[in-house]
Asker: 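Got a structure for you, written out below as structure tokens; questions coming shortly.
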Amino acid sequence: MNATPVTDQTRVGGGTPEPRRSATSFLRAQIQQSLAFATLVVLLVFFSFASSNFFTWSNISGILLSTAVIGILALGTTFVIITGGIDLSIGTGMTLAAVMTGIFLVNLELPLMVGVIGGILTGGLMGFINGFNIAILRLPPFIATLAMMLIAQGLALVISGVRPIYFSSVVGFKDIALGFVIPGLPNAVLILFVLAILAYVLLSKTLLGRYTFAIGSNEEATRLSGVDTRKWKIVIYTVAGLFTGVAGVVIGARLDSAQPQLGTGYELQAIAAVIIGGTSLLGGRGSILGTLIGALIMSVLINGLRIMSIQTEWQNVVIGVVILIAVFTDALRQRRAAS
Amino acid sequence: MKKNIVFLAAAAAISLALAGCSAGGSDAGDAAADTDKPYIALVSKGFQHQFWQAVKSGAESKAAELGVTVTFDGPASETEVDSQLQMLQAAIDKKPDAIGYAALDPEACVSLMDAAKTASIPVVQFDAGCNSDYPLSIAKTDSLGAGALAADHMAELIGGKGEVAIVGHSQINSTGVERRDGFVEQMEAEYPDITIVDIQYGDGDHLKSADIAKAMIAAHPDLKGLYGTNEGSAIGIVNAVGELGLDAGELTVIGFDSGQAQIDAITNGLMAGAITQNPIGIGEATVQAAFDAINGETPEKVIDTGYFWFDKTNMEDAEIAAVLYK
């Protein structure tokens with residue numbers, strides 16, 4: 001498959017990287033990742049010294065568990081951001097998927113697997129509609145997914161009757177997030193890691209991944225080289241939607257309930273994790289490992305500040321500053337690489 | 001450069017979209033205003049939480065009893081002061097016979113109270129008041145007293161000494177502040193051997209509150225009790241205790257408001273008990289006060305709708321069961 005004969009001549013002045021298989025861009029991605037990884041290590045060391053209660057297995061497992069939902073959302077949205085798009089609908093979309101899982105399992109009393117798959121497909125359907133609106137109707141991703149964000153938020157409330165749906169009657173549902181297939185490691189964390197491996201393979205070993213990068217680097221050139229970019233964009237947004245669906249099932253299982261008013265703001269945390277992990281909002285560059293590290297940086301930071309009893313208001317300030325620094329160092333390196 | 005312009009356009013579009021949906025929330029009353037029944041427009045702090053749904057159901061049943069029409073609007077979250085003001089403005093524009101209002105911010109609403117006065121629309125308040133002389137009455141819970149009652153029970157349950165912490169739902173709106181302050185002040189005044197080691201805020205988000213509670217438990221190994229100031233905060237604590245596999249009662253958890261999950265947690269012992277308000281009563285009292293105002297009577301200035309401690313022992317009592325919502 002000769003998929004990415006992309007030339008970069010239509011871009012001006014942006015320092016946009018060549019397609020990913022060029023050596024420099026690969027190197028750059030590695031540097032960004034190791035920088036993110038170094039940040040993670042520094043944070044872990046810092047908080048371990050700051051509080052003796054930080055580096056305990058119980059707390060580390062708590063951090064991993066708190067990474068699961070945002071992490072799964074971030075994995076899916078990494079694909080979208082690499083295409084140069086954005087998906088604002090993942091937070092409330094996750095909530096709608098959780099509510100639908102509740103409808104399937106609690107109201108309709110369908111078997112566990114059917115309800116779970118139904119919840120995941122709800123996410124996939126939203127992603128498909130996003131992709132259709134963006135690729136076929138040519139709506140800007142920001143607007144199309146903003147609309148979906150509002151639609152999902154409203155539908156979650158309408159369908160649930162503005163009440164939480166409790167899963168206590170569904171045997172085994174809670175274990176999806178809180179059971180232990182591997183002793184000591186909550187299943188939600190296992191799901192995050194398995195999905196991360198899946199996303200890594202999808203992004204780096206398949207046609208889907210190749211076109212994701214190609215569309216983000218230069219959509220027009222990709223299209224002219226004979227790739228049906230519209231079809232692939234729909235596929236990519238659908239994949240992101242399926243991840244959103246899984247996140248919906250996991251948050252439902254963790255809370256043992258579908259809380260219809262949750263979700264707003266989760267999309268921004270997921271997007272922040274992706275960006276901290278070195279994926280460029282301009283598209284064409286990014287990695288799954290980076291996203292995973294970015295999500296861990298966010299949750300380690302939040303947990304550490306909480307352990308230190310830093311005031312909630314200041315926690316937000318610190319997280320904001322870390323995002324600024326992460327994106328700034330990234331931009332700096334891009335500029336240097338361009339000159 | 002091009003990207004920037006696209007982004008600006010998008011940002012402009014988002015604010016338009018948001019303004020559009022918040023202003024559009026209150027059209028339901030137009031049809032109602034045409035009929036002969038007196039019409040009362042209620043502008044709430046929200047509608048998504050079970051608490052507001054209970055207020056709404058109290059208001060609606062009272063309205064049916066009195067033969068009036070009510071509409072119930074509220075912003076999507078309790079931080080949206082601005083969109084709530086737009087709803088209040090829309091309510092005034094519809095010229096109802098009376099307005100019931102729960103202020104998200106006590107200052108931001110003052111000018112609109114003047115507007116209601118100019119339009120000669122009587123205003124009654126519920127849950128939280130506006131810093132204006134115009135409203136006739138307010139039906140609410142004494143949140144400071146409710147917080148203090150939570151402190152008394154916490155002190156009793158942990159034996160009068162040790163470390164406790166609070167998972168709050170807001171450091172801004174009055175219920176969040178008063179439920180916290182009532183608890184803190186009572187502890188400081190009455191129980192010198194109890195230390196409040198941490199107060200953090202999870203916005204009433206179940207997941208965030210659970211992660212906060214876990215961090216607190218990790219940071220303070222000697223922690224004896226946790227107090228959650230609303231339903232989401234309290235359930236977050238219960239989830240944290242469950243995830244850590246602590247035995248029921250190892251950590252004393254006190255919640256606020258009811259809802260199925262809290263009732264279950266109290267039944268199975270993960271939560272010691274909770275303070276409940278009387279949201280249905282708040283809804284009823286608000287509509288009654290508005291009805292009185294329409295008929296030229298003066299409602300009571302402050303209608304205290306009460307609060308109660310409930311736990312395993314008294315949950316079934318008629319007085320308590322009547323104010324719990326699921």
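The figures that follow rest on heavy atoms only: side chains count, while hydrogens, waters and symmetry mates do not. The chains referred to below are lettered A, B, ... by the order of the sequence lines, with proteins before strands, and numbering in each begins at 1.
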Asker: Which bit of B:D205 is near chain A, if near means a heavy-atom gap under 4.5 Å: side chain, backbone, both or neither?
Answerer: both
Asker: Does any backbone or side-chain atom of A:I307 lie under 4.5 Å from a heavy atom of chain B? Answer side chain, backbone, both or neither.
Answerer: both
Asker: Do you know which two heavy atoms are closest between A:R306 and B:A215, and how far apart they sit?
Answerer: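 So the two residues come closest at CB-CB, 3.6 Å.
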Asker: For A:W314, does the CH2 atom have more than 12 heavy-atom neighbours from other residues, nucleotides or ligands under 6.0 Å away?
Answerer: no
Asker: So for A:S309, is it side chain, backbone, both, or neither that comes closer than 4.5 Å to the heavy atoms of chain B?
Answerer: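 Both backbone and side chain.
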Asker: For chain B, which candidate among A:P164, A:S61, A:S299 shows the most heavy-atom pairs at distances under 4.5 Å?
Answerer: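 Option with the greatest count: A:P164.
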Asker: So, for B:Y201 and A:T312, which heavy atoms are closest and what is the spacing to 0.1 Å?
Answerer: N-OG1, 3.0 Å
Asker: Is there a side-chain contact between A:Y166 and B:D264 (heavy atoms, below 4.5 Å)?
Answerer: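 Sidechains of B:D264 and A:Y166: no contact.
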Asker: Can a side-chain donor-acceptor contact be found between A:Q315 and B:Q200 if the only test is distance below 3.5 angstrom?
Answerer: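 Per modelled atom types, B:Q200 and A:Q315 side chains form a pair under 3.5 Å.
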Asker: Does A:V162 offer a backbone N or O that forms a donor-acceptor pair with the side chain of B:Q50 under 3.5 Å?
Answerer: yes
Asker: Within this structure, what is the CD-OG distance for the pair B:Q260 and A:S168, rounded to the nearest 0.5 Å?
Answerer: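 Answer rounded to 0.5 Å: 7.0 Å.
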Asker: Under a 4.5 Å heavy-atom cutoff, which of B:K214, B:Q171, B:H206 has the most pairs with chain A?
Answerer: B:H206
Asker: Heavy-atom distance under 4.5 Å to chain B: side chain of A:S51, backbone, both or neither?
Answerer: neither
Asker: To the nearest 0.5 Å, what is the distance between CG (A:N53) and CD1 (B:I217)?
Answerer: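 One gets 12.0 Å once the value is rounded to the nearest 0.5 Å.
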Asker: Between B:A240 and chain A, which part of the residue has a heavy atom less than 4.5 Å away: side chain, backbone, both or neither?
Answerer: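 For B:A240, no heavy atom lies under 4.5 Å from chain A.
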Asker: Using a cut-off of under 4.5 Å on heavy-atom pairs, state which of B:P221, B:G232, B:G168, B:G242 scores highest against chain A.
Answerer: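 Of the candidates given, the most pairs with chain A belong to B:P221.
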Asker: Of all the residues in residues 251-272 of chain A, which have a heavy atom that comes within less than 4.5 Å of a heavy atom in chain B?
Answerer: A:I251, A:R254, A:L255, A:Q259, A:Q261, A:L262, A:Y266
Asker: For chain B, which of A:R163, A:M308, A:Q153 has the most heavy-atom pairs under 4.5 Å?
Answerer: A:R163
Asker: Evaluate whether atom CZ of A:F55 has more than 12 neighbouring non-hydrogen atoms of other residues, nucleotides or ligands under 6.0 angstrom away.
Answerer: no
Asker: Using heavy-atom distances under 4.5 Å, tell me whether A:L65 contacts chain B through its side chain, its backbone, both, or neither.
Answerer: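 The answer is the side chain of A:L65.
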Asker: Give, as side chain, backbone, both or neither, the part of A:P186 having an atom under 4.5 angstrom from any heavy atom of chain B.
Answerer: neither
Asker: With a 4.5 angstrom heavy-atom cut-off, which part of B:L244 approaches chain A: side chain, backbone, both or neither?
Answerer: side chain
